[in-house]
Amino acid sequence: DTEVTQTPKHLVMGMTNKKSLKCEQHMGHRAMYWYKQKAKKPPELMFVYSYEKLSINESVPSRFSPECPNSSLLNLHLHALQPEDSALYLCASSQAPGQQETQYFGPGTRLLVL
Amino acid sequence: AQKITQTQPGMFVQEKEAVTLDCTYDTSDPSYGLFWYKQPSSGEMIFLIYQGSYDQQNATEGRYSLNFQKARKSANLVISASQLGDSAMYFCAMSRGNMLTFGGGTRLMVKP
C-alpha cells in the first residue's frame with residue numbers, strides 16, 4: 001500500500017485566517033515532504049522532514065509553519081496568507097531520506113486565499 | 001545546479017499506439033535518481049518508474065519503460081499501447097539527496 005492521505009481536499013481562507021493542512025501515511029516512511037504547485041507549473045519543494053526533524057526549508061515565508069507530531073503525521077499551519085499563496089499543496093513520503101528513494105504523493109489540498 | 005528539461009509542452013497520441021515523452025537533464029553529480037510521475041486533472045502525482053544513475057539496464061514497469069542514455073543525459077519515458085486513461089500531465093524529475101527537481105511537464109492527450 002502506497003497511500004498518502006491529505007485533508008482537506010479543498011480550502012478557502014481569508015488573509016487573516018489561521019488554518020492547517022494535514023498529511024498522513026501508514027507505510028512506516030521516515031521522510032515526509034511538502035510541495036507547492038501553482039497552476040500549469042511543476043511542484044516546488046517547501047519542506048523536508050527526516051526522522052521527524054526538519055531537515056530542509058527552501059526559504060519558505062514564515063506564514064507557512066510545518067509540524068511533524070509523529071512519524072505518520074505532517075501538518076502545515078497557515079497564517080496571514082496572501083492571494084499569491086493560492087495553489088495545490090502536495091504532501092509526499094519516502095521510506096527514508098535519500099536520492100534512491102521514491103517519493104509517494106498524496107492527492108493534494110487545493111487552497112484558495114481570498 | 002541540477003536542471004531538468006521537457007521540451008514537449010503537449011502531445012497527442014492515437015489510442016493503442018506507443019508514445020515517447022522526452023526528458024533531458026544536467027547535473028555534475030555522479031550519483032542521482034531519475035523518476036517519472038503522472039498527474040491527472042485530479043492533482044495527485046502518481047509514481048510511474050525509477051532509474052538510478054548506476055543502473056545498467058533500462059527500467060520497465062508494465063507498459064512504461066525508461067530509455068536511459070547516460071552519455072546524452074536523457075531519460076525518455078516510453079508508454080506502449082496508449083489508453084484513454086493515460087491522458088494527463090507527465091513530469092520527469094531528478095533527485096539529489098532528499099530533493100526532487102521537476103521538469104516543466106508534458107501534457108499527453110490520447111485520441112480515441
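All chains are named by letter (A, B, ...) in the order of the sequence lines, taking the proteins before the strands, and each is independently numbered beginning at 1. Here the structure is a predicted model, which is why all the values come from computation and not from measurement. Computed from heavy atoms alone, side chains included, the values below leave out hydrogens, waters and symmetry copies.
- For the pair A/S86 (side chain) and A/V113 (backbone), a donor-acceptor distance under 3.5 Å is present.
- Using a 30° and 60° split on the angle between ring planes, A/Y35 and A/F105 fall in the tilted class, from 30° to 60°.
- Of the candidates B/F102, B/Y25, B/Y50, B/F35 forms a ring-ring contact (aromatic ring centres under 6.0 Å, His included) with just one, namely B/Y50.
- A donor-acceptor contact closer than 3.5 angstrom links the side chains of A/H77 and A/S20.
- Residue contact with chain B, scored on non-hydrogen atoms closer than 4.5 Å, is absent for A/S94.
- Using a 4.5 Å cut-off between heavy atoms, A/Q6 does not touch chain B at all.
- Heavy atoms of A/E44 lying under 4.5 Å from chain B are absent altogether.
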